[in-house]
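Within every chain, numbering begins at 1; the chains are lettered A, B, ... in the order of the sequence lines, protein sequences first and strands thereafter.
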There are 2 protein chains.
Amino acid sequence: MRLSLQTDYALRTLIYLAGRPGRHQVREVAEFFRISKDHVAKAVRRLAQQGYIRSVRGVGGGIELARSAESISIGQVVEDFEGSLALLDCVSIEGVCTIQPACGLRHVFAEAERRQLEYLNSVPLSQVVRPAGELQEFVLLDLN
Amino acid sequence: MRLSLQTDYALRTLIYLAGRPGRHQVREVAEFFRISKDHVAKAVRRLAQQGYIRSVRGVGGGIELARSAESISIGQVVEDFEGSLALLDCVSIEGVCTIQPACGLRHVFAEAERRQLEYLNSVPLSQVVRPAGELQEFVLLDLN
DNA sequence: TAAAAGAGGCATTTGAGGTGCATCTTTTGA
DNA sequence: TCAAAAGATGCACCTCAAATGCCTCTTTTA
C-alpha cells in the first residue's frame, strides 16, 4: 500500500530540479539524497520519456525540468509511475471476483481512488517545493 | 498499490455474512468464493479477533456477524487489515527522507490518504451488500 | 468418545521490486 | 581525432512480504 521507491525517487528528483533552476547531473541528485546513482538514473529516464524533464548526454550534460513546476501535478507523476492506484483488482480488471455483478465494493473502491487522485492532481509540483536555500541549510546541518 | 488478498477475503466474508443472516461455516464461505478454506480461515480469525464476527467452535459451529452491517465501515476494516494506507514511508515514519523538513510532499500524501479513508469510513458494510438472492442467482449462472 | 469445526503454526513458493554492475551511445573539447 | 564525461540500457541477482498448502491442536456437541 505504498508508492514504489522509483516513484519516490522521481518525485524527489523533480523537487530537486524545481528548486534549483538550470541543468544538474544525475550524480549530483543522487549524492544529494544519498541514493545510488543507478536508481536515480532509472527514475530519470522515465521522467525524460514522459516529458517531465529534458536530459542531455555527453560532457556538460545533465537534466532539467522540461515543463514549469506549476504545470506538473503530483497526481500525474504518481499515475505515470504507479499505473493505477486501484485498491482491488476488481476495480481495474474484469472477471476477478465471483460475485462482481452483485458487489458494491467495486464502485466504492473506485470512488475512493478517484477522490485520492483528484486531490493529488490538484497539487502542482511548485506547491511542494521550498527554496533551494532551505534544502541546502538542512543538508549542511545533517552532515555535521 | 493494492489491498492484500487477506483484506479482500475479509471483506468478501463480511459481505457474505451480511447478506445471509445466521451462522455459516468457513468451508461454506470458501466454497462460495472458490477460495482455499485456509485463506478464508485466516481472514476469519482476524475478523473474529477484531470483533467484527463471532466464531463458534465444535459441531454446529461457524461464524456470524458480531455487529450490525450498518455499524461496520469499509474503511475501518481496511485499516485494521492493511495498517496505514500511507503512500510514502515519510508520511508514517520519521527520519526517512533527507529533505523531510523542507519537503511538502509529506503533508500532501497524508492529506491524500486522509481523503481516501474519510470516504471509505463513510461507507457502511450494509451499503455494499446486495440481497442474497442476487448473489445466489449469479452463482447459479456461473456454474452452468 | 468420535466427529465436526475453528485455531494456530510452520514450511515452502512466488513475484515484484530493489540493487548493483557492465556496456553502449552521445557529446564536448583538447 | 580521440579521450573523457555523462546519460541510456540491459542483465542478473537479491530480498522480502505475501500467498499457499499442510499438519496438528483445541473446543464442542451428540
**OP:** Indicate whether OP1 or OP2 belonging to C:dA7 is found under 4.0 Å from a side-chain N or O atom of B:Ser55.
**Re:** yes
Subject >> D:dG21 phosphate, OP1 or OP2, under 4.0 Å from B:His39 side-chain N/O >> reply: yes
Subject >> 5'-most by nearest nucleotide on DNA chain D - A:Arg45 or A:Val59 >> reply: A:Val59
**OP:** Using atom CD of A:Gln50 as one end and atom C1' of D:dA8 as the other, report the distance to the nearest whole Å.
**Re:** 16 Å
Original post:
Is A:Glu28 touching bases, backbone alone, or none of the nucleic acid, heavy atoms closer than 4.0 Å?
Top reply: nothing
Original post:
Is any side-chain N or O of A:Gln6 closer than 4.0 Å to OP1 or OP2 of C:dT19?
Top reply: no
**OP:** Would you kindly give the CZ-to-C1' distance between B:Arg54 and C:dA7, to the nearest whole Å?
**Re:** 18 Å
Original post:
So, for B:Ala18 and B:Leu125, which heavy atoms are closest and what is the spacing to 0.1 Å?
Top reply: CB-CD2, 3.9 Å
Original post:
Between atom CG in A:Leu47 and atom P in D:dT9, what is the gap in whole Å?
Top reply: 14 Å
Original post:
Between A:Val56 and A:Tyr9, which has a closest nucleotide on DNA chain C that is more 5'?
Top reply: A:Tyr9
**OP:** Could you check how far CZ of B:Arg57 sits from C1' of C:dA3, rounded to whole Å?
**Re:** 15 Å
Original post:
Do A:Glu28 and A:Tyr16 have a side chain donor and acceptor closer than 3.5 Å?
Top reply: yes
**OP:** Find the distance A:His24:NE2 to D:dG7:P and express it as a whole number of Å.
**Re:** 12 Å
Original post:
For the hydrophobic clusters of this structure (ILVMFWY residues joined by side-chain heavy atoms under 4.5 Å, transitively), does one cluster hold both A:Ile35 and A:Ile53?
Top reply: yes
Original post:
Can you check the A:Lys37 NZ to C:dG18 C1' distance for me, whole Å?
Top reply: 17 Å
Original post:
Can you tell me how far P of D:dC16 sits from CG of A:Leu5, to the nearest Å?
Top reply: 13 Å
Subject >> Side-chain donor/acceptor contact of B:Lys42 with base of D:dG21 under 3.5 Å >> reply: yes
Original post:
Which whole-number value in Å describes the distance from A:Phe81 CZ to C:dG18 P?
Top reply: 12 Å
Original post:
How far apart are the closest heavy atoms of A:Phe32 and A:Arg20, and which atoms are they?
Top reply: CE1-NH2, 4.3 Å
**OP:** Could you pull out the closest heavy-atom pair between A:Leu47 and A:Ala10, with the gap in Å?
**Re:** CD1-O, 3.7 Å
Original post:
Of A:Gly58 and A:Asp38, whose closest DNA chain C nucleotide lies nearer the 5' terminus?
Top reply: A:Asp38
